There are 2 protein chains.
Amino acid sequence: MPVFLNASDADFEATFAALLGAKREDSPDVDDVVAGIIADVRARGDAAVIDLTARFDRLQLTPETLRFSEAEIDAYVAQVPEAERAALELAAVRIRAYHERQMPEDAYWTDESGAQLGWRWTPVSAAGLYVPGGLASYPSSVLMNAIPAKVAGVGRLAIVVPTPDGVANPLVLLAARIAGVDEVYRIGGAQAVAALAYGTESIAPVDKITGPGNAFVAAAKRRVFGKVGIDMIAGPSEILVIADKDANPDWIALDLLSQAEHDESAQSILITDSADLAKAVSAAVDKHLETLERRAIAGASWRDYGAVIMVNDLDQAAALSNRVAPEHLELCVADPDGLAEKITHAGAIFLGGWTPEAIGDYVGGPNHVLPTARSARFSSGLSVMDFVKRTTLAKMTPAALRAIGPAAETLAISESLEAHGLSVRARLDHLNE
Amino acid sequence: MPVFLNASDADFEATFAALLGAKREDSPDVDDVVAGIIADVRARGDAAVIDLTARFDRLQLTPETLRFSEAEIDAYVAQVPEAERAALELAAVRIRAYHERQMPEDAYWTDESGAQLGWRWTPVSAAGLYVPGGLASYPSSVLMNAIPAKVAGVGRLAIVVPTPDGVANPLVLLAARIAGVDEVYRIGGAQAVAALAYGTESIAPVDKITGPGNAFVAAAKRRVFGKVGIDMIAGPSEILVIADKDANPDWIALDLLSQAEHDESAQSILITDSADLAKAVSAAVDKHLETLERRAIAGASWRDYGAVIMVNDLDQAAALSNRVAPEHLELCVADPDGLAEKITHAGAIFLGGWTPEAIGDYVGGPNHVLPTARSARFSSGLSVMDFVKRTTLAKMTPAALRAIGPAAETLAISESLEAHGLSVRARLDHLNE
């Protein structure tokens, strides 16, 4: 049974704090193993990647077969049924259109001292995308990672996707092709992250690595951070639904379950001001859990981490939601836009009853790679911004240097950085000659 | 002696690659020590922070004296000479004006399906800023970290700054006050990072931690990443100057030394198409190294990591610079704006001979916290963007759901996520009733 809470109860604060603080994931300490794998790939390159792939994926590769050939991709892609191809293409068009609006603008202006100031954005030259193999190999995630990179102007985009026992997912390869991915390697785990970060004889290094993965992949990304850029380290994900009395309980039950079915450590929370709705949703969840294909996973998630919270009003619901900082937030209320104004921390907001979270997973347009485990307090979902970087610009004139140079000299001297001060002074003296 | 290279030499590529790959910093493995400190602070809170401060900073605090009182800050601030106060205030005004232009804009639009899509930016609620103590305690860095946070709208900004033997830097406290910092704690090291990330009885936790520090601080930031957001992990920094025959060799020598005087592992590189200039700069560096206060540090940096590279033309200079991806890039050439167009990776560009890098350290306006150790390939300097996060918005109408819902259902089924598909199907069925 999930937790049922009432914000008016005396022990609410303690129970809610426990819900927020609940550790929802075993983090196996794989760091030593991963350190060894990274060192091996740095030392032995292709040979290490091939050995590790034989061991973990039961697949014997050669330097020539590390990468899918275009002909191989053609053959896999040809297996995809037309309906799925069309759906992926619609998704790609919508995701691209949304992300094209995210391209930041350059700026360059002259201030009152006469100095020219500004910045310019440039794309990362090469990026690598980790795609999990097996059951969690989601073609939608390929689109969500690859399209922002290509919109940003990344010149070279490589995918690594493990193919245990040699089994590849045709939809993943089709998504890679639709998104314009340049290279696809059939490797995974920490060895794939190491190969992307440091390069091997057959795999050129990249500058940035994104994409989800298991504990080994997460540990490897954390370790190569600094050598290359990484996106967030994904944790267990969550959905929070705020609903009023007129919401459809069956729809909300399915929305809660669509998060719960991902992972036993996922969390689904309903906050409502209607006791009737709370009961109806809870009953609908139980009903669907009798038949859902992934009922074992979804049931465990709902039982262990699910919560239904009664509040006095929707302002209180927004305040509690802000403390959760959910990855996904659905506002199934009469005035979702008004309520959204009160949300300060959330990865993505789905407004109104016609917007199931699953729309956002596939075809809405916004990215589905979102900050998990309360990290929406300080981070954002994946975007074009993850694949560009800013260079600041400053250009002084003699007049500008006269105006602000002496202050720089004063501060340099106060920080005991003599050469800093002299570099300004030498120019000021020249102007005064 | 620094390295002298000529891009036309047969062995240039190998030597340049060695220069790029040179490991410029000992990274002492302090990770186990830091893990112990973080665990101690999590377990014992204030008591652990107080014990560790007594041990490392030789300073006995109590829960009441962990934080500087306003009266204490008043007293320190009153010691600052007027010239330094005025210089800090000018710097603050200019930094604020520059960063105010960085505030990103919200967006919300209706697409051709009738769906409303967009995003909203919100500030991080609470941020912590690490300020090193002792010699490397730079008031300018307080401004550079704190002002973007306040411009972003961060509600609560706390500084931690160690005060070994109880000695505080009045300029740091003045900079904190000018920048509008809310709380200043006299603690440092991994214990300060842990206190900010997890909170203690006397220190409320924050959501994001920025600011430079030593190996212990860097290891602690890496460990708390995920629990809170962090900025980059700073590495050894560098300046690269591209200069033509008409550049002033003495100014360039001082600019190279203003990087070298920071740190023995700093790197200063000159690239030029003029053999005469190369010789003149080299001689000027040697001359200044006879008298500079920090000549031991600057001399070691120049000797071990300095480089002078001759090229055939400035296009080649830009291409080499892009491989270095320097933190600071000066373009002391006749057409700096034209050359800047060819730069794809750099933290900050200083255009023309009137713009010494030191201007950017203090009063230019752009941030001086910049990507080091080649990370300008994938990351940007500190900005307002580090203190805001994006929430994406999606709102379907019945018509929009009819248009794009079936594709979402198809993809959900292809990924074996039944509840995802059902959450869309239930709504579509309702529309078809």
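The chains referred to below are lettered A, B, ... by the order of the sequence lines, with proteins before strands, and numbering in each begins at 1. Note that the coordinates shown come from a computational prediction; the quantities given were computed from them, not determined experimentally.
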When you look at A:Glu415 and B:Ser140, which way does the side-chain hydrogen bond (donor to acceptor under 3.5 Å, both in side chains) test go after all the steps? CA-CA 9 Å; A:Glu415 292 185 354; B:Ser140 56; 2.8 Å; yes
Could you walk me through whether A:Leu431 and B:Trp354 satisfy the side-chain contact (heavy atoms from CB on, under 4.5 Å) test, starting with their C-alpha distance in whole Å, then the side-chain angles of each, then the deciding distance to 0.1 Å, before giving a yes or no? CA-CA 10 Å; A:Leu431 288 174; B:Trp354 297 107; 3.4 Å; yes
Test side-chain contact (heavy atoms from CB on, under 4.5 Å) on B:Lys395 and A:Asp337 and set out the steps. CA-CA 9 Å; B:Lys395 184 182 184 183; A:Asp337 291 272; 2.6 Å; yes
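A:Glu330 touches chain B through its side chain: at least one heavy atom from C-beta onward sits under 4.5 Å away, while N, CA, C and O do not. Using a 4.5 Å cut-off between heavy atoms, A:Arg94 touches chain B through its side chain atoms alone. Both the backbone and the side chain of B:Ala346 come within contact range of chain A, with heavy atoms under 4.5 Å apart. For a residue to count as touching a neighbouring chain, one of its non-hydrogen atoms must lie under 4.5 Å from one of that chain's; by this rule B:Glu409 does not touch chain A. Proximity to chain A (any heavy atom under 4.5 Å) is restricted, for B:Ala91, to the side chain, taken from C-beta onward. Only the backbone of B:Thr397 comes within contact range of chain A, with at least one heavy atom under 4.5 Å from a heavy atom of that chain. When heavy atoms are compared at a cutoff of 4.5 Å, A:Asp255 approaches chain B by way of both its backbone and its side chain. For A:Leu171, the part sitting under 4.5 Å from any heavy atom of chain B is the side chain, from C-beta outward, and nothing else. Residue contact with chain A, scored on non-hydrogen atoms closer than 4.5 Å, involves the backbone and the side chain of B:Pro139 alike. Proximity to chain A is limited to the backbone of B:Arg223, based on heavy atoms less than 4.5 angstrom apart. At a 4.5 Å heavy-atom cutoff, A:Glu105 makes no contact with chain B through either its backbone or its side chain. Interface residue A:Tyr108: only side-chain heavy atoms are found under 4.5 Å from chain B. Heavy-atom distances place the side chain of A:Leu401, and not its backbone, under 4.5 Å from chain B. Of the two parts of A:His430, only the side chain, counted from C-beta on, holds a non-hydrogen atom closer than 4.5 Å to a non-hydrogen atom of chain B. The part of A:Ser379 that comes within reach of chain B is its backbone (N, CA, C, O), which places non-hydrogen atoms under 4.5 angstrom from that chain. Proximity to chain B (any heavy atom under 4.5 Å) is shown, for A:Asn322, by neither the backbone nor the side chain. Residue A:Arg120 touches chain B through its side chain alone, counting heavy-atom pairs closer than 4.5 Å. The parts of A:Ala340 that come within reach of chain B are both its backbone and its side chain, each placing non-hydrogen atoms under 4.5 angstrom from that chain. Both the backbone and the side chain of A:Leu88 come within less than 4.5 Å of a heavy atom of chain B. With a threshold of 4.5 angstrom between heavy atoms, A:Asn169 does not approach chain B through any atom at all.
A:Arg295 places no side-chain N or O within donor-acceptor distance of the main-chain N or O of A:Glu261, the cut-off being under 3.5 Å. Side chain of B:His368 to main chain of B:Asp361: a donor-acceptor pair is present (N/O by atom type, distance under 3.5 Å, no hydrogens or angles). Counting only distance, with no hydrogens or angles, the side chain of A:Arg425 and the backbone of A:Ala419 share no donor-acceptor pair below 3.5 Å. A donor-acceptor contact shorter than 3.5 Å links the side chain of B:Arg427 to the backbone of B:Ser423. Remark: side-chain polar atoms of B:Asp429 are not paired, donor with acceptor, to backbone N or O of B:Ala426 under 3.5 angstrom.
Across A:Thr392 and B:Ala348, no two heavy atoms sit closer than the pair OG1-CB, 3.1 Å. Considering all non-hydrogen atoms of both residues, B:Ile297 and B:Ala260 come closest at CG2-O, 3.6 Å. Of all the heavy atoms in B:Val228 and B:Lys208, the pair that sits closest is CB-N, 4.3 Å. When all heavy atoms of B:Gly364 and A:Ile404 are compared, the pair lying nearest together is CA-CD1, 4.4 Å.
Between chain B and the residues A:Gln259, A:Lys227, A:His288, the most heavy-atom pairs under 4.5 angstrom are made by A:Lys227. Interface remark: of the candidates A:Ala107, A:Gly381, A:Gly365, A:Gly381 forms the most heavy-atom pairs closer than 4.5 Å to chain B. Chain A forms the most heavy-atom pairs under 4.5 Å with one residue out of B:Leu254, B:Ile252, B:Thr355, and that residue is B:Thr355. The candidate from A:Asp207, A:Leu90, A:Ile343, A:Thr122 with the greatest count of non-hydrogen atom pairs under 4.5 Å with chain B is A:Asp207. Ranked by heavy-atom pairs under 4.5 Å with chain B, the first of A:Arg101, A:Gln116, A:Gln102 is A:Arg101. Between chain B and the options A:Val206, A:Leu329, A:Ile359, A:Leu331, the largest number of non-hydrogen pairs under 4.5 Å is found for A:Ile359. Chosen from A:Glu357, A:Met385, A:His262, the residue pairing most often with chain B at heavy-atom distances under 4.5 Å is A:His262.
Considering only residues two or more places apart in sequence or on other chains, A:Tyr98 meets the ring pair (Phe, Tyr, Trp, His ring centres under 6.0 Å) condition with B:Trp109, B:Trp119.
Contact check for B:Val154 versus B:Ser125: no side-chain heavy atoms found under the 4.5 Å cut-off. Between B:Arg294 and A:Leu417, some side-chain heavy-atom pair lies under the 4.5 Å cut-off.
Taking the six-membered ring where the residue is Trp, A:His420 and B:Tyr362 present perpendicular rings, their angle passing 60° and hence far from 30°.
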